Amino acid sequence: MTKKYVTTAIPYMNGNPHIGHAMDYCLADVCVRYYNLCGDEVRLQAGTDEHGSKIWQKATQLGVSVQEFVDAQAGKFVDFISQLGVNYTDFVRTTDTKHEKRVQEIWQRLTNHIYMDTYEGWYCTGCERFITDKEYEENNGACPDHLKPYEKLKEKNYYFRISDFKEQIARAIESDKMLVLPEFRKKEILRLLADSPDVSISRPKEQLEWGIPVPGDESQVMYVWVDALSNYLTVLGYPDTDDYREWWPAAAQFVGKDILRFHAIIWPAMLLGLGLELPKVLISHGMVLADGQKMSKTIGNVVDPMEVIEKYGLDAFRYYFLRHVDTFNDSDFTWEKFENAYNNELANDLGNLVQRLAAMCAKNGIELSKLPELDFDAEYRVLMDKFEYAKVFDCVWEKVQALNKRIDDEKPWMLAKNGETEKLHKCLSGLVRDLLQVNYELKPFIPVTTDKIDEIFAGKIEPPEKPLFPKQ
RNA sequence: CGCGGGGUAGAGCAGCCUGGUAGCUCGUUUGGCUCAUAACCAAAAGGUCGUUGGUUCAAAUCCAACCCCCGCAACCA
């Protein structure tokens, strides 16, 4: 039995859970369930990122204390995750006292690679933030919201010397020692890495009142990176317990493509600075588009995962987002596509297959004397190990369709009519056995359904009272 | 000359790395079956593989140039 550690990205708490988070959780969940079925012992981390001035501002706006605000937000995410059927073993909030202490310890262990420097950039006093050069040019030097020209401002920050580790990281990525998936992201990251500047990791206290103080410097507060990325370690008790030795390096870290660069550059640099190994795999998944466009509150095309789940059930949601939303690329969600997949594939192919088989078994008194021994075949494993979840589905579905075809070919209803009992039993029990094998392969993806199918065919076979996926 | 992805049947995609009769799903049409959720099975129609050149006996696949689309902090740490 191997120990495997799987992580999800920790969402920033100034917003509510959305479909992008759901992708991350579901993918990690499939990975965990698969490892478990393979006999591994798995820890799954989840958590929330709760510091930063945006959070502070939002709470102030709402007229509640920051702590109250983040508590409420974190609560939403905890609920959200459980509704997705995802079972984490460890949950970390960046405002946990333990996390904060551990992060300070981590900072201190990194001091050899940290230096103080002055940041100079364009600043909008209305927005109270620095803006990029690109933004400056686009807006012709004045803030469109506040109609005020940007000002040059200097501020002291601590910097983390990424350059100390660039070559090591590049080698790890090139050699796949730290595997970056998909392949085209790996190329992209290698390019980005080459001209990655050192990264600013603190802000003056006046700028950032809600954060972890920099140890030994009252005037500075940690800015996102060290605080948030460390969560993958602090949740394992690093550095003050030895638990992490059994679990680190992570077997798989799931991140959205938008934050891959931080996980593939800053994060490995931190790990190397701490003398720790790099994660085995970083998986970057795509985003869900609504009819070809980015989902956005402004446009009003946001799809709420809970709406889908309420209407069609959890497994239908997981099914669509794991199969028809490409694991690595951006994909489109429309209700039409969703309903097509639901009706054609879940209801007609799989649901109806279970129904017709169970009904024939019940009618003819078929029972399996003993359940077949189940295992994953080589092709399945290869794809699963490459995190090609959408492709795995295609593979499994061929088997579902083949079973439907076999029923048509072998015509068990004819055998029954002709009184060929022995042949009939052999035919039906063979079909059930193979269905259970297919069912086994679906377990990491649609666990609610696979449990139901197991139940239907264990012992006395009865068709389900309600169809698994009622047509809508 | 920023970086990356993409342009293949009405729609969504695979194939390209490792050249050799262009494939899958949905939709459409027709036929079969009747165990089943009006489900299932089969067959057919439908493509000059973005454009132009090149390499080759042979190019969707390799090379060059060009055109077009989409991302590059998911709400903005």
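Here the structure is a predicted model, which is why all the values come from computation and not from measurement. In what follows, every chain begins at residue 1, and chains take the letters A, B, ... in the order their sequences are listed. We use all heavy atoms of the structure for the numbers below, so side chains are in, but hydrogens, waters and symmetry mates are not.
Taking the P atoms as reference points, B:rA22 lies 15 Å from B:rA45, given to the whole Å. Comparing the P positions of B:rA59 and B:rG53 gives an interatomic distance of 14 Å, to the nearest angstrom. For the C1' atom pair drawn from B:rG71 and B:rG54, the interatomic distance equals 32 Å after rounding to whole Å. Across the C1' atoms, B:rC35 and B:rC41 are found 13 Å apart, a figure rounded to whole Å. Comparing the P positions of B:rC1 and B:rA65 gives a spacing of 15 Å, expressed to the nearest Å. With P as the reference atom, B:rG10 and B:rG20 are 25 Å apart, rounded to whole Å. Comparing B:rC63 with B:rC16, their P atoms are spaced 14 Å from each other, to the whole Å. Here the separation of B:rC62 from B:rU18, taken at their P atoms, is 9 Å to the nearest Å.
Taking 4.0 Å as the cut-off between side-chain N and carboxylate O, A:R102 and A:E105 do not count as a salt-bridged pair. Contact check on A:K399 versus A:D377 returns a salt bridge, with a Lys/Arg side-chain nitrogen under 4.0 Å from an Asp/Glu carboxylate oxygen. Salt bridge annotation for A:D71-A:R93: present, with a cationic side-chain nitrogen under 4.0 angstrom from a carboxylate oxygen.
Each of A:K417 and A:K187 has a nearest nucleotide on RNA chain B; the 5'-most of these lies closest to A:K187. Map A:M414 and A:E345 each onto its nearest nucleotide of RNA chain B; the residue landing nearer the 5' end is A:E345.
Straight-line distance from the CD atom of A:E339 to the C1' atom of B:rG12: 16 Å, rounded to whole Å. Distance A:L192 CG to B:rC72 P: 14 Å, rounded to the nearest Å. Rounding to whole angstrom units, NE2 of residue A:H324 and C1' of B:rC13 are separated by 11 Å. Straight-line distance from the CG atom of A:N14 to the P atom of B:rC75: 6 Å, rounded to whole Å. One can place CG of A:L193 at 22 Å from P of B:rC72, the figure rounded to the nearest angstrom. As rounded to whole Å, 11 Å separates atom P of B:rA73 from atom CD of A:E188. To the nearest angstrom, C1' of B:rG15 lies 10 Å from NZ of A:K391. Rounded to whole Å, the distance from CD1 on A:I407 to P on B:rU37 is 13 Å.
Of the side-chain N and O atoms in A:N348, one or more sit less than 4.0 angstrom from OP1 or OP2 of B:rC40. Distances shown here put every side-chain N or O of A:K405 at or beyond 4.0 Å from the OP1 or OP2 atom of B:rC41.
Of the candidate nucleotides B:rA77, B:rG4, B:rC35, B:rC35 has the atom nearest to the side chain of A:M360. Nearest nucleotide to the side chain of A:A359, out of B:rC35, B:rC40, B:rU37: B:rC35. Picking from B:rC35, B:rG71, B:rA73 the nucleotide with the shortest atom distance to the side chain of A:D408 gives B:rC35. Of the candidate nucleotides B:rC76, B:rG4, B:rA73, B:rA73 has the atom nearest to the side chain of A:D258. Residue A:R356 places its side chain closer to B:rC35 than to any other of B:rC26, B:rC75, B:rC35. Which of B:rC76, B:rA36, B:rC40 sits closest to the side chain of A:Q355 comes down to B:rA36.
Residue contacts shown for A:V354 are absent, as no nucleic acid heavy atom lies under 4.0 Å away. Note on A:L468: a base of the nucleic acid sits closer than 4.0 angstrom, heavy atoms only. Nucleic acid contact for A:Y223: sugar-phosphate only, since backbone atoms but no base atoms lie under 4.0 Å from a heavy atom of the residue. Contact annotation for A:P467: base contact, defined as any heavy-atom pair under 4.0 Å involving a base atom. Residue contacts shown for A:A228 include a base, since a base heavy atom lies under 4.0 Å away. Nucleic acid contact for A:N343: none, since no nucleic acid atom lies under 4.0 Å from a heavy atom of the residue. A:W225 comes within contact range of at least one nucleobase, with a heavy-atom separation under 4.0 Å. Across all strands shown, A:K411 has no heavy atoms under 4.0 Å from either base or sugar-phosphate atoms. Within the 4.0 angstrom heavy-atom criterion, base atoms lie near A:K471.
Remark: aromatic rings of A:F387 and A:F328 are distant, center separation not under 6.0 Å. In this structure, the ring of A:Y389 has its center no less than 6.0 angstrom from the ring center of A:H285. Between A:F338 and A:Y312, a ring centre-to-centre spacing shorter than 6.0 Å is recorded.
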**OP:** Given side-chain contact (heavy atoms from CB on, under 4.5 Å), test A:E155 with A:R203 step by step and report yes or no.
**Re:** CA-CA 8 Å; A:E155 111 181 356; A:R203 291 285 181 275; 3.2 Å; yes
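Judged purely by distance below 3.5 Å, without hydrogens or angles, the side chains of A:K54 and A:Q57 never pair a donor atom with an acceptor atom. Using modelled atom types, one finds no donor on one side chain facing an acceptor on the other under 3.5 Å when comparing A:K257 with A:N329.
Between A:N439 and the choices A:D451, A:T450, A:D454, the side chain to side chain donor-acceptor pair (under 3.5 Å) rule is met once, by A:D454.
Judged by distance alone, with hydrogens and angles left aside, A:N352 brings a side-chain donor or acceptor within reach of the base of B:rA36, the pair sitting under 3.5 Å.
Secondary-structure annotation of RNA chain B gives the stems B:2-7 with B:67-72, B:10-13 with B:23-26, B:28-32 with B:40-44, B:50-54 with B:62-66, with a stem taken as at least 3 successive Watson-Crick or G-U pairs whose two distances both fall under 3.5 Å.
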